[in-house]
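Here the structure is a predicted model, which means the values were calculated and not measured. In what follows, every heavy atom counts, from backbone to side chain, and hydrogens, waters and symmetry copies are set aside. Remember, it's 1-based here, ligands and their atoms both numbered in the order they're listed.
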Amino acid sequence: MQPPRNIIIVGAGIGGIACALALSRELTPFVPDLKITVFERHNILSTSGGAINLTPVAQRHLAQLGVLEELDRMGPEGGADVAAIELFSMRSGHSIGSIDFTDQRGNGFGGYKGRRVMRIVLSMAMMAVVERSSNVEIVFGKKVTGGEEINDKAVVHFHDGSEAIGDLVIGCDGVHSAVRTRWLDPNRPSEYTGFSFVQATMDSGSISSRAHFRSSALNISRHGSVLTSYCDRDREQVFASAIVQLSEEALQTYRLEPGQDWATQNRMKRALRGELNHRFGKCAIPYVREIVDSEAEWMLYPVYHVCPGGRWYNNRVVLLGDAAHAMPPRDESAAYALDDAILFARILARYRTEPLEGVFDAYERLRRSTINHAFKESSRMWDRNRDMGVLESRLKEWTLPFYLRSHRDEREAAWDFDAMKIAIPMLDSSEDLVTLHSFLKESAH
Ligand SMILES: Cc1cc2nc3c(=O)[nH]c(=O)nc-3n(C[C@H](O)[C@H](O)[C@H](O)COP(=O)(O)OP(=O)(O)OC[C@H]3O[C@@H](n4cnc5c(N)ncnc54)[C@H](O)[C@@H]3O)c2cc1C
């Protein structure tokens, strides 16, 4: 079989761009006329979404793709080093423990700690690498509305009536993926988790209280939690993100929609600040109190997930990242999209002359149980943010240090994960095993 030459990726988020870069690196040596086109529904890179935490794994994989170098080149804006996320009780103000991104000697895992960076800055760094990759093109303003497979090609349909034809389509279009809901698996829509983020970025100079954390803190209470973190190396910007339980009805009170008049928007923003104040206004930590009381531009992000167990691929279409398995975001969710991209690219390059279904199947066998486990863990962690009574929340505070300690080894082992080193599964059929053996013989020379 001919390897795919014309690859379409839907979505220029973290997963989509990472996938384009990984495929370009892995497949170009075997397919010199490779063409990768990424179609993104927005007209420009999205500037929304606040800051994102990158774990040691995410940083390692971004380094492999050449993105970390670009981030570093951006100077202080390239992100704040995060050695640990410290946990505090909003009731007492006391420290509860920490999630460390360094070992006992203060070294990062495989050389990498954590990093908090504005999403737009990360996207710009990824774009800078794309610009150096001659066979990757990103086309903005192309919203995918569906697709179909005709003979040995995949056809993608756009909102403007146009279409694109490829040998392979990779759906990296996030939690509400059109590739999933309008093509591959219409019975698996995204679902609201019952929780939302309320986020704002502000000048650190505008906060008069002394910061109670070194680089990042998760402040917990019985009405949800508030993350406070620097997101640039000079610590000029503070990113605040509250995780709160909100019903779907409550969402309507705060959700800004295009077309709403100024007065309505203003009323909703005031109501959102009121919600934060009501939940966290009595916090024992002055820094957090001042933040939730600030006039910052708070934005609401309802959190959706995609239930595990659905279909990830068809003959010529596959889902990666949040499109396949959006889970309640933890500090490592983006890392799963990066892992997906690198692993898929390696498997496709190795089995490039095999039918795509075999490639997809090998990829799924490698990923499914890891993703199912991560989903379960994320959901469990998120449940800790639900509104709770006094006794239950005290119990949460008492048991959290034990939980952090008992899961430390598991967490640290996960941060050593390297998608470039992991062994790739064999294809299922014996014919394919013969191909694999000849490949291994070839690569031993
Ligand atoms: C509020 C919030 C905070 C988070 N914080 C963190 C964090 O601190 N650390 C972390 O690791 N993870 C975090 N996550 C999770 C992380 O953002 C996701 O796991 C990651 O972005 C997934 O990457 P992706 O490329 O699969 O999807 P996305 O990043 O969602 O990208 C999807 C892309 O597809 C485009 N698209 C969508 N539909 C179409 C269409 N029909 N046609 C064309 N293009 C389309 C979108 O515009 C977007 O560019 C957070 C998530 C949320 C919601």
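- No side-chain N or O of Ser98 forms a donor-acceptor pair with one of Glu86 less than 3.5 Å apart.
- Neither the backbone nor the side chain of Arg180 has any atom closer than 4.0 Å to an atom of ligand 1 (non-hydrogen atoms only).
- For ligand 1, the atoms sitting less than 4.0 Å from at least one non-hydrogen atom of Lys143 are 41 (N), 42 (N), numbered in the order shown with element in parentheses.
- Put simply, the side chain of Arg367 reaches to within 4.5 Å of the side chain of Tyr336, judged on heavy atoms.
- With 3.5 Å as the limit, one finds no donor-acceptor pair spanning the side chains of Glu412 and His407.
- Contacts with ligand 1 closer than 4.0 Å are made by backbone heavy atoms (N, CA, C, O) of Phe39 only, the side chain lying farther away.
- Looking at Val175 against ligand 1, nothing comes within 4.0 Å, counting heavy atoms.
- The aromatic ring centres of Tyr363 and Tyr313 sit 6.0 Å or more apart.
- Tyr230 has its ring centre less than 6.0 Å from the ring centre of Phe213.
- Less than 4.0 angstrom separates some heavy atom of Ala178 from each of these atoms of ligand 1: 41 (N).
- At under 3.5 Å, a nitrogen or oxygen of Asp322, whether backbone or side chain, sits near a nitrogen or oxygen of ligand 1.
- Aromatic rings from Tyr192 and His305 are positioned such that their centres are separated by 6.0 Å or more.
- In this structure, His212 has its ring center closer than 6.0 angstrom to the ring center of Phe88.
- Between His176 and Tyr304, the distance separating the two ring centers is shorter than 6.0 angstrom.
- The distance from ligand 1 to the heavy atoms of His42 drops below 4.0 Å at these ligand atoms: 47 (O).
- In this structure, Glu26 contributes its side chain and Leu348 its backbone to no donor-acceptor pair below 3.5 Å.
- Remark: among candidates Glu40, Arg119, His325, the nearest residue to atom 35 (C) of ligand 1 is Glu40, based on non-hydrogen atoms.
- If you check each of Gly13, Ala58, Gly174 against atom 27 (O) of ligand 1, the one with the closest non-hydrogen atom is Gly174.
- Annotation for ligand 1: atoms under 4.0 Å from non-hydrogen atoms of Gly321 are 26 (O).
- Close to ligand 1: Gln199, with a non-hydrogen atom less than 4.0 angstrom away.
- Set against the non-hydrogen atoms of Ala334, the atoms of ligand 1 under 4.0 Å away are 10 (C), 11 (O), 12 (N), 19 (O).
- Listed by atom number, the atoms of ligand 1 under 4.0 Å from Lys142 heavy atoms are 42 (N), 43 (C).
- Using modelled atom types, one finds no donor on one side chain facing an acceptor on the other under 3.5 Å when comparing Asn385 with Gln245.
- Contact annotation: for Cys172 versus ligand 1, heavy atoms closer than 4.0 Å belong to the backbone alone.
- Close approach of ligand 1 to Gly15 (heavy-atom distance below 4.0 Å) involves ligand atoms 23 (O), 24 (P), 25 (O).
- Residue Val303 places no heavy atom under 4.0 Å from ligand 1.
- Salt-bridge check for Arg411 with Asp100: failed, with every basic side-chain N at 4.0 Å or more from each acidic carboxylate O.
- Within the structure, ligand 1 lacks His159 among the residues with a heavy atom less than 4.0 angstrom away.
- With a heavy-atom cut-off of 4.0 Å, Ser177 does not touch ligand 1 at all.
- Close approach to Arg116 involves these atoms of ligand 1, each under 4.0 Å from a residue heavy atom: 8 (O).
- Heavy atoms of Pro329 found under 4.0 angstrom from ligand 1 belong exclusively to the side chain.
- Aromatic ring centroids of Phe197 and Trp382 lie under 6.0 Å apart.
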